[in-house]
Amino acid sequence: MSPLTRRRLAAFRRNRRGWWSAWLFLAVLVLSLAAELVANDRPILVRYDGAFYVPVLKDYPETVFGGDFKTWADYRDPYVADRIAEKGWALWPPVRYSYGTINYTEIRPHPAPPGGDNRLGTDDQGRDVLARLIYGLRLSLLFGLALTLVSSAIGVAVGAVQGYFGGRVDLVGQRLLEIWGGLPHLLILIIVASVIRPGFWTLLAVLLMFSWTSLVGVVRAEFLRARNFDYVRAARALGMGDGRIMLRHMLPNAAVATLTFMPFILNGSIVSLTALDFLGLGLPPGSPSLGELLAQGKSNLHAPWLGVTGFVVVAFILSLLVFVGEAVRDAFDPRKTT
């Protein structure tokens, strides 16, 4: 690790708000990735009649646990639970609901307020809000990370080509970017949603069409600034190819600006998916998402726990990313790392 990298890491740690925000964000990400182990309507592990079973990974028929039918076992059914308890035990996750599990035992009308088995209440279809929140977080974070990484890679490549070659390449590229940036994004999304059934990959592809332009200007400026530096001229004089010069000598300088902007790009990616789900143009109906939870809160004003839960979680995640972005920006600021 170079001395400059160590100084940047030390500057990042000195920003306590950003440092703890990064750890909290990683904790939320790990928790959401292990959603099946945290919220599920199946046990994690079952020991029955001397044998071990892993229902969270594999389906088992009811007859395996002493039932009468060869259909897949419903572990929330009291009959199946009693059969397992007679000859063994079951290790359940902390939340005994998946994102689509309906609580049929709730005597209060849905959406039901927090209490009992549903720590954050239920939505208007009787599904556990906490379980849908955990799965929705995973979906939003994975979508945001995928969109951020792919769009950043494309934006860096386009900006590097424009800045390095300059001239007509840069001129034509800038005019095309202006035309592309002037297209009505929301209108195109509405047209795509009316023609193609929205899904994770469909939305990712459509949003990627417009999000990659966010880093082009920053990377282009860095390459325009460095293209006439002495070390670049020396590399050309030694016969080094353009691609190698761009990757080995110029890209590390542009990476500083890229890493500084990436937390804010991730922030915008999560907001985009949440907004589309809130408007009904996002993921298919029934998919767990933060935007769908906010939409339910708007439609059920008599159930404030829906809107409050969605707002608090979205605000918390976005705040963490903003704090991390500020810490990264300070870490790469030469005035604060010297």
Using modelled atom types and a 3.5 Å cut-off, is there a donor and acceptor pairing between side-chain atoms of [X] and backbone atoms of [Y]?
| X | Y | answer |
| --- | --- | --- |
| R96 | P93 | no |
| R76 | D41 | no |
| T213 | F210 | yes |
| S98 | T101 | no |
| Y99 | D128 | no |
| N40 | E36 | yes |
| S287 | P284 | yes |
| T122 | A112 | yes |
| R233 | N228 | yes |
| N300 | Q296 | yes |

I want to check a possible cation-pi pair here: R83 against Y79, using under 6.0 Å from ring centre and within 45° of the ring axis as the test.
yes

Measuring only between side-chain heavy atoms, which start at C-beta, is Y60 closer than 4.5 Å to Y75?
yes

Tell me, do L290 and L133 make a side-chain contact under 4.5 Å, heavy atoms counted?
yes

Spacing of L9 atom CG and R14 atom CZ [to the nearest 0.5 Å]:
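Output value for this atom pair is 10.5 Å.
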
Minimum heavy-atom separation for F12 and V324, please, with both atom names.
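Where F12 meets V324 most closely, the heavy atoms are CE1-O, 4.2 Å.
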
Would one find more than 12 heavy atoms of other residues, nucleotides or ligands at under 6.0 Å from atom CH2 of W23?
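Count not over threshold, so no.
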
Looking at F261, I want to see if its CZ is surrounded by more than 12 non-hydrogen atoms of other residues, nucleotides or ligands under 6.0 Å.
no

Derivation and outcome, side chain to side chain contact (heavy atoms under 4.5 Å, CB included), residues I265 and L215
CA-CA 9 Å; I265 298 175; L215 281 178; 3.6 Å; yes

